[in-house]
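Okay, so here's the structure we're looking at.
From a predicted model like this one, the values you see are computed outputs, not experimental measurements. For the single chain, residues carry numbers from 1 onward in sequence order.
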Amino acid sequence: MIRDASSMDRPIERPRGLSRRTLFLLGALLLALAALTIGYPSIRRWAQAETSVEISRIRIGEVVRGDLVRDVSADGRTVAAFHPTLFSPARGTVSLSIRAGEVIEVGQVLCRVRSPELDSRLEQERSALLSLESDLGRQRILTQQTGLQNEQAIGLLEVELEAARRAMVRAQRTRDEGLLNAVEYEQAQDNVAIS
């Protein structure tokens with residue numbers, strides 16, 4: 001029987017300094033404090049923000065003093081009154097050139113409509129016109145080339161016909177003298193008919 005365990009027990013000295021667990025907690029605390037210090041301005045702005053809107057949905061423009069420009073629809077009909085009303089099938093920005101109550105003359109410009117949609121359509125039609133004009137020019141060049149090739153072919157055929165006629169005349173003389181047989185004479189006639 002063992003009377004007591006004092007002979008087996010021995011005291012363990014405590015290590016000097018901080019333990020690993022304390023060092024780990026201290027490092028985590030310092031890291032969290034650094035993250036809060038760096039992120040505080042962003043967190044503060046986020047907390048004060050009410051709503052956010054994408055920049056693509058916002059139209060930004062420079063503010064200047066000048067005439068009032070209204071977005072309206074206008075088709076050129078004007079209702080005579082103190083407040084003219086304009087109607088248009090296309091959307092755009094209307095700049096009025098006159099004021100209500102002013103006397104106007106026939107042919108005077110009342111307003112100008114700036115429509116990005118119509119401007120875009122005009123540019124599309126202009127590019128289509130340029131494309132058609134280039135196609136027309138290309139067709140004219142092809143027509144001229146075809147005409148020149150046809151004239152060259154006609155000239156060559158006329159030369160061949162003239163050569164066949166001369167060969168026929170020679171064959172006729174040779175036959176009249178009795179030096180050419182009927183087969184060669186008929187072949188010369190066929191050459192003239194083919195040419």
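Other residues, nucleotides and ligands contribute more than 12 heavy atoms inside 6.0 Å of the CD atom of Gln108.
In this structure, Arg21 CZ and Leu26 CG are separated by 13.5 Å, a value rounded to the nearest 0.5 Å. Here Arg57 contributes atom CZ and Glu54 contributes atom CD; the two are 6.5 Å apart, rounded to the nearest 0.5 Å. Separation of atoms CG (Leu36) and CD1 (Ile43) is listed at 6.0 Å; rounding is to 0.5 Å. To the nearest 0.5 Å, atom CG of residue Leu136 and atom OG of residue Ser131 are 11.0 Å apart.
Side-chain atoms of Thr37 come within 3.5 Å of backbone N or O of Leu33 as a donor-acceptor pair. Of the possible polar contacts, none joining the Ser120 side chain to the Pro116 backbone as a donor-acceptor pair under 3.5 Å is found.
Within the 4.5 Å cutoff, no side-chain heavy atoms of Glu158 are placed close to those of Leu161.
Side-chain atoms of Thr22 and Ser19 form a donor-acceptor pair, as typed in the model, at a separation below 3.5 Å.
Among all heavy-atom pairs drawn from Ile98 and Val109, the shortest one is CG2-O, 4.3 Å.
Among the candidates Asp176, Val169, Thr174, the single residue satisfying the side-chain contact (heavy atoms from CB on, under 4.5 Å) test with Gln172 is Asp176.
Under the salt bridge (charged side-chain N to carboxylate O under 4.0 Å, His left out) criterion, the residue pairs touching residues 123-145 are Arg121-Glu125, Glu123-Arg126, Asp135-Arg138, with sequence neighbours excluded.
By the salt bridge (charged side-chain N to carboxylate O under 4.0 Å, His left out) test, Arg114 pairs with Asp119, sequence neighbours left out.
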